[in-house]
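Notes follow once the structure below has been shown.
Being a predicted model, the structure only gives us computed values, none of them experimental.
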Amino acid sequence: QVQLVESGGGLVQAGGSLRLSCSPSESIFSLFAMGWYRQAPGKQREFVAILISETGTNYRDSVKGRFTISRDNANNTWYLQMNSLKPEDTAVYYCYALIRGNPTWGQGTQVTVSS
């Protein structure tokens, strides 16, 4: 089974930036959709951003203009560039992909934004 390996979380002050990355554990020849979700303590997991191959991107309203999802086809890796971070962005971030019709999740990486 394909696993997603993610990294890039950390502790930053409000207004700072982080870049998260996610890579499959094996080569994927067809990857229709990939993205990012997050889950704060005591809250449900929520959508953050998604990239549909050859189609476009979509973002949660609260992160539009601050976050950017992108893909490096050479490395089969995708990223979430997070700028102008706010304390309310604090959460565990999970990368996501639709692989052969199956939703697949990374292990999560902690993002903490201090004020």
Side-chain angles (χ1 to χ4, degrees):
Q1 301 298 106
V2 176
Q3 306 290 327
L4 302 182
V5 181
E6 60 181 288
S7 62
L11 173 64
V12 298
Q13 293 186 345
S17 298
L18 287 171
R19 190 177 77 159
L20 309 182
S21 64
C22 186
S23 299
S25 60
E26 60 189 69
S27 297
I28 303 296
F29 298 119
S30 181
L31 193 57
F32 175 72
M34 63 220 76
W36 296 90
Y37 288 67
R38 66 188 182 188
Q39 187 168 19
K43 297 184 178 180
Q44 294 185 344
R45 190 171 299 185
E46 64 185 22
F47 165 80
V48 176
I50 192 165
L51 170 63
I52 302 175
S53 296
E54 309 300 328
T55 301
T57 58
N58 194 24
Y59 298 91
R60 185 179 189 85
D61 284 345
S62 63
V63 309
K64 288 180 178 177
R66 301 189 297 120
F67 292 10
T68 303
I69 186 170
S70 62
R71 182 183 185 181
D72 180 354
N73 289 322
N75 295 318
N76 209 2
T77 301
W78 64 99
Y79 306 91
L80 185 68
Q81 178 66 48
M82 304 184 293
N83 298 326
S84 302
L85 282 162
K86 304 175 180 179
E88 50 263 44
D89 295 318
T90 295
V92 177
Y93 283 69
Y94 298 89
C95 62
Y96 163 89
L98 189 63
I99 302 175
R100 306 185 191 99
N102 297 316
T104 308
W105 297 92
Q107 82 280 2
T109 184
Q110 177 71 47
V111 172
T112 302
V113 184
S114 66
S115 59

| note | side chain to side chain donor-acceptor pair (under 3.5 Å) pairs touching residues 1-11, sequence neighbours excluded, are S7-S21
Mind checking what makes side-chain hydrogen bond (donor to acceptor under 3.5 Å, both in side chains) contact with [X], not counting sequence neighbours?
X   : result
K64 : D61
T77 : S23
S84 : none
N76 : R71

[X] side, atom [atom1]; [Y] side, atom [atom2] - distance, nearest 0.5 Å:
X   : Y    : atom1 : atom2 : answer
L85 : S115 : CG    : OG    : 13.0 Å
Q81 : S17  : CD    : OG    : 6.0 Å
Y79 : L20  : OH    : CG    : 11.5 Å
M34 : T57  : CE    : OG1   : 11.5 Å

| In chain order, what residues pass the side chain to side chain contact (heavy atoms under 4.5 Å, CB included) check against T112, with sequence neighbours excluded? | L11, T90, Q110
| V111 versus M82: any side-chain heavy-atom pair under 4.5 Å? | yes
| query | Does the side chain of L80 reach to within under 4.5 Å of the side chain of T68, using non-hydrogen atoms? | reply | no
| field | Cluster companions of Y37 among Ile, Leu, Val, Met, Phe, Trp, Tyr (side-chain spacing under 4.5 Å) | value | F32, F47, I50, I52, V92, Y94, Y96, L98, W105
| Got a sec, which pairs hit disulfide (SG to SG under 2.5 Å) with one end in residues 68-115, sequence neighbours left out? | C22-C95
| task | Report yes or no: do W36 and F67 belong to one cluster of Ile/Leu/Val/Met/Phe/Trp/Tyr joined by side chain heavy-atom distances under 4.5 Å? | result | yes
| request: Please list all pairs passing the salt bridge (Lys or Arg N to Asp or Glu O under 4.0 Å) test where one or both residues lie in residues 10-25, with sequence neighbours left out. | output: none
| request: Quick one: which residue pairs count as a salt bridge (Lys or Arg N to Asp or Glu O under 4.0 Å) with a foot in residues 30-44, not counting sequence neighbours? | output: R38-E46, R38-D89
| note | Correct closest heavy-atom pair for I69 and Y59 would be N-OH, 2.9 Å
| query | Where do L4 and T104 come nearest, in terms of heavy atoms and distance? | reply | CD1-O, 3.3 Å
